[in-house]
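The next block holds one structure in the form of structure tokens; read it before the comments.
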Amino acid sequence: MTILDGKKTSNDIKNEIKVEVDKMKANGEKVPHLAAVIVGNDGASLTYVGSKVRACERVGFESTMVRLPNTTSEIELLDTIDELNNNDDIDGFIIQLPLPPQINTQKVLLAVDPDKDVDGFHPTNFGKMALDMSTFIPATPFGILELLDRYGVETKGKHTVVIGRSHIVGRPMSILMGRKGFPGNSTVTLTHSHTKNITQITSQADIIITALGVPGFLKAEMVKDDAVIIDVGITRVPDDSEKGYYITGDVDFENVSKKASFITPVPGGVGPMTIAMLLKNTLIARERHRKS
């Protein structure tokens, strides 16, 4: 069994990006600039955005955090997005979710310029991804592809089962794993809360990608020997520790890992890859803007 080490791989990617940025600086070129918009004081969101800002510093990117109060109206947020769309200094930006209830998330994501949508959530980018065109792949699926690629996990002709159909992970992964090329060329089954006999389906899978957010959902009896397990779930479970919680994934890691050929841990698997690939998308955006 091989651990798909997202922490190590994400560090490798950040080092590679830093080399590229150092070259840009040496040539007197503009370095990539990533902005993040956060509305309100959600603790988890502030932690995520803070880690993105630190990651930018590490690789030499410029970064901007736009903090807006919880009472921000939809029109005010759309005005902020319009400013970022028209700011030539900013290569890419993200809107940290969730947004307060007075704001229509779909309307906000549609307002982002697809050329600066480094999260890959805009329908234009999602459509291009589905058509195998060059575009921004959502950061978490992009990170999973990168792990499979760098560890040489065979996907051609394999049966991939995706658990969960979210727009952020499940649905894009089902498209990407079935595309031509590597990683891809697998036969994909997309399962969700209405799927019957899910154990029967998962026990036939060569690769399982689970993004449910249900701790310990995937048990050893649901997995065949030598399956590849990608655990995207991340849940805080309350306990009596000093922190008051521990972080766990969708997979019963202790038992499933005994049967798997490759498996991602939680934490330290897919999570760190998401920020690394967000940086990669921002680097791609800078290159595109430079050429245009």
Side-chain angles (χ1 to χ4, degrees), residues 1-2 4 6 120-121 123 125-133 135 137-235 248-253 255-266 269-271 273-274 277:
M1 185 270 294
T2 302
L4 296 169
F121 292 164
N125 289 325
F126 198 97
K128 283 182 172 179
M129 178 196 72
L131 292 168
D132 258 353
M133 295 166 73
T135 189
I137 297 173
T140 301
F142 197 5
I144 294 168
L145 294 179
E146 197 71 17
L147 275 176
L148 294 172
D149 184 6
R150 291 189 182 226
Y151 277 87
V153 177
E154 186 55 74
T155 59
K156 183 179 176 182
K158 302 295 185 183
H159 180 200
T160 297
V161 170
V162 180
I163 306 174
R165 54 181 167 181
S166 75
H167 295 169
I168 295 171
V169 182
R171 205 165 299 181
M173 278 318 302
S174 69
I175 294 166
L176 292 162
M177 291 302 286
R179 68 182 181 166
K180 288 181 180 177
F182 175 72
N185 278 324
S186 68
T187 302
V188 183
T189 303
L190 179 61
T191 66
H192 45 76
S193 55
H194 294 281
T195 301
K196 292 176 180 173
N197 305 323
I198 194 161
T199 298
Q200 197 179 336
I201 296 167
T202 57
S203 60
Q204 295 169 11
D206 302 304
I207 301 167
I208 299 173
I209 301 166
T210 173
L212 270 184
V214 178
F217 173 82
L218 192 73
K219 305 277 193 282
E221 60 268 22
M222 299 170 73
V223 174
K224 73 176 186 179
D225 287 340
D226 293 329
V228 176
I229 311 294
I230 307 290
D231 189 352
V232 190
I234 184 156
T235 308
T248 190
D250 290 352
V251 177
D252 171 8
F253 185 88
N255 294 305
V256 172
S257 61
K258 291 169 187 167
K259 295 178 84 174
S261 56
F262 293 89
I263 190 166
T264 59
V266 175
V270 175
M273 294 297 294
T274 301
M277 302 324 283

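Below, each value reflects all heavy atoms present in this structure, side chains not excepted, and no hydrogens, waters or symmetry copies. For this chain, numbers begin at 1 and follow the sequence in order.
- Identified under the salt bridge (charged side-chain N to carboxylate O under 4.0 Å, His left out) test for residues 179-190, with sequence neighbours left out: none.
- The structure places OG of Ser203 at 10.5 Å from CD1 of Ile198, a figure rounded to the nearest 0.5 Å.
- Pairs engaging residues 201-225 under the salt bridge (charged side-chain N to carboxylate O under 4.0 Å, His left out) rule: Asp206-Lys224 [sequence neighbours left out].
- For the atom pair Phe217 CZ and Thr202 OG1, the distance stands at 7.5 Å (nearest 0.5 Å).
- Residues forming a side chain to side chain donor-acceptor pair (under 3.5 Å) with Thr135 (at least two apart in sequence, or on another chain): Asn125.
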Could you tabulate the donor-acceptor pairs under 3.5 Å formed by side-chain atoms of residues 138-151, not counting sequence neighbours?
from, atom 1, to, atom 2, distance (Å)
Thr140, OG1, Thr274, OG1, 3.0
Glu146, OE2, Arg150, NE, 2.8
Glu146, OE2, Arg150, NH2, 3.1
Arg150, NH1, Glu16, OE2, 2.9
Arg150, NH2, Glu16, OE1, 2.8
Tyr151, OH, Asp5, N, 3.1

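- Across all their heavy atoms, Val161 and Ala205 have their closest contact at CG2-CB, 3.5 Å.
- For Thr199, the side chain to side chain contact (heavy atoms under 4.5 Å, CB included) criterion is met by Met222, not counting sequence neighbours.
- Contacts of Asp250 classified as side chain to side chain contact (heavy atoms under 4.5 Å, CB included), with partners at least two apart in sequence or in another chain: Thr210, Leu212, Asp231.
- The heavy-atom pair separating Ala220 from Lys259 by the smallest distance is O-NZ, 2.9 Å.
- In this structure, Leu176 and Met129 approach most closely via the heavy-atom pair CD2-CG, 3.8 Å.
- Put simply, CD1 on Ile263 and OG1 on Thr2 are 11.0 Å apart, with the number rounded to the nearest 0.5 Å.
- Evaluation of the side chain to side chain contact (heavy atoms under 4.5 Å, CB included) rule for Pro265 yields Ile3, Phe253 as partners, not counting sequence neighbours.
- Between Ala211 and Val232, the shortest heavy-atom distance links the atoms CB-CB, 3.8 Å.
- The distance from the CG atom of Asn197 to the OG1 atom of Thr191 is 12.0 Å, given to the nearest 0.5 Å.
- Leu4 places a side-chain heavy atom less than 4.5 Å from the side chain of Val153.
- Nearest approach of Thr235 to Gly213, heavy atoms of both residues: OG1-O, 3.5 Å.
- Applying the side chain to side chain donor-acceptor pair (under 3.5 Å) rule to pairs touching residues 155-169 yields His159-Thr189, Thr160-Ser186, sequence neighbours excluded.
- Within the model, atoms CG of Leu190 and CD1 of Ile175 stand 9.5 Å from one another, a figure rounded to the nearest 0.5 Å.
- Atom-to-atom distance recorded for Ile201:CD1 and Lys196:NZ is 11.5 Å, nearest 0.5 angstrom.
- Residues meeting the side chain to side chain contact (heavy atoms under 4.5 Å, CB included) test with Asp226, sequence neighbours left out: Ser261.
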